[in-house]
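One structure below.
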Amino acid sequence: QQQVKQSPQSLIVQKGGIPIINCAYENTAFDYFPWYQQFPGKGPALLIAIRPDVSEKKEGRFTISFNKSAKQFSLHIMDSQPGDSATYFCAAYRTYSGAGSYQLTFGKGTKLSVIP
Amino acid sequence: KAGVTQTPRYLIKTRGQQVTLSCSPISGHRSVSWYQQTPGQGLQFLFEYFSETQRNKGNFPGRFSGRQFSNSRSEMNVSTLELGDSALYLCASNWDQNYGYTFGSGTRLTVV
């Protein structure tokens, strides 16, 4: 059972555009939602993360929006650059002990291409 | 500060063989997790260790096992390799109160 659904699968934007990647989760036990960026040949790198008591978080050009009632969260990349071309993964995590703890549940990923 | 180190980077094994992968976490990180990444299934959780104890295990067959040593270094073992085990195996470490997992570059395993 896929607990984190991510869309779209791929995304092409022009330089300077604002790509938006969406994720939805099912398990209300999740209480930490990170986004990872992965370049070919590398492991995922933590980009930004949010807790459900916050509706929005910004770090540089990256913004997470979080809607707890809808169980959805999204990543916005402002002023996108060709160097942002990578695969982006949303994830969900339960930080306290119990079933399903201590594991990141990932979305399937979004391959972003930023065209110069 | 050194990152998460995984060795070897690449491996080619034959069906039926076994393989051991190694992970050295960031200094001071006591939690080590393993993930399998494939194009079809994406990133899937294998298991997590903290202070030499396995705290959680994903839905993988018993052929997949792991352990953690007293210095937090971890190994995972896959026995009786199958073609479907071909994947990128990623290790991640965490301080445990800081939830930002740091991933290594992975071990690319090819089973022929």
Side-chain angles (χ1 to χ4, degrees), chain A residues 1-10 21 23 25 27 29-54 57 59 62 64 86-111, chain B residues 2-7 9-10 21 23-26 29-51 53-60 64 66 68 74 87-108:
Chain A
Q1 180 190 10
Q2 183 186 0
Q3 295 191 50
V4 178
K5 293 183 178 180
Q6 183 172 346
S7 64
Q9 236 179 333
S10 62
I21 304 170
C23 286
Y25 63 98
N27 188 349
F30 292 138
D31 63 341
Y32 176 72
F33 301 87
W35 284 87
Y36 283 84
Q37 177 189 57
Q38 186 176 30
F39 293 104
K42 299 289 188 183
L46 178 64
L47 202 56
I48 186 173
I50 197 168
R51 300 293 295 261
D53 53 347
V54 176
K57 182 175 181 180
E59 284 187 7
F62 301 93
I64 301 179
T87 300
Y88 292 81
F89 294 92
C90 62
Y93 186 78
R94 173 175 169 159
T95 64
Y96 52 99
S97 62
S101 297
Y102 312 123
Q103 65 180 85
L104 286 162
T105 300
F106 285 92
K108 291 290 191 182
T110 297
K111 186 172 182 180
Chain B
V4 177
T5 303
Q6 291 188 245
T7 57
R9 285 298 311 276
Y10 302 93
L21 312 181
C23 172
S24 294
I26 290 174
H29 286 193
R30 294 184 295 169
S31 169
V32 174
S33 303
W34 289 89
Y35 291 81
Q36 182 196 64
Q37 185 174 24
T38 59
Q41 298 299 317
L43 284 147
Q44 293 189 288
F45 171 75
L46 281 157
F47 24 68
E48 189 265 0
Y49 289 88
F50 180 81
S51 293
T53 300
Q54 185 182 89
R55 294 196 294 188
N56 197 4
K57 188 177 190 301
N59 295 325
F60 280 82
F64 291 81
Q68 186 181 34
S74 177
L88 180 66
Y89 290 89
L90 292 159
C91 170
S93 73
N94 183 314
W95 166 246
D96 198 49
Q97 292 181 13
N98 168 3
Y99 311 121
Y101 277 97
T102 301
F103 283 81
S105 292
T107 294
R108 171 75 62 185

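- Using a 4.5 Å cut-off between heavy atoms, B:Leu88 contacts chain A through its side chain alone, with no backbone atom that close.
- For the set A:Ser101, A:Ala91, A:Ala45, the count of heavy-atom pairs under 4.5 angstrom toward chain B peaks at A:Ser101.
- At a 4.5 Å heavy-atom cutoff, the contact between B:Leu90 and chain A is made by side-chain atoms alone.
- With sequence neighbours excluded, no residue satisfies ring-ring contact (aromatic ring centres under 6.0 Å, His included) with A:Phe30.
- Remark: B:Tyr10 engages B:Arg108 in a side chain to side chain contact (heavy atoms under 4.5 Å, CB included) (not counting sequence neighbours).
- Looking at B:Phe47, there are no atoms closer than 4.5 Å to chain A (heavy atoms on both sides), in backbone or side chain.
- Between atom CD of residue A:Glu59 and atom CH2 of residue A:Trp35 there is a gap of 14.0 Å, rounded to the nearest 0.5 Å.
- For B:Gln41, the parts sitting under 4.5 Å from any heavy atom of chain A are the backbone and the side chain alike.
- Inspection of the A:Gln103 and B:Ser33 side chains reveals no N or O donor paired with an N or O acceptor under 3.5 Å.
- Residues B:Gln37 and A:Phe106 are not in side-chain contact: their nearest non-hydrogen atoms beyond the backbone lie 4.5 Å or more apart.
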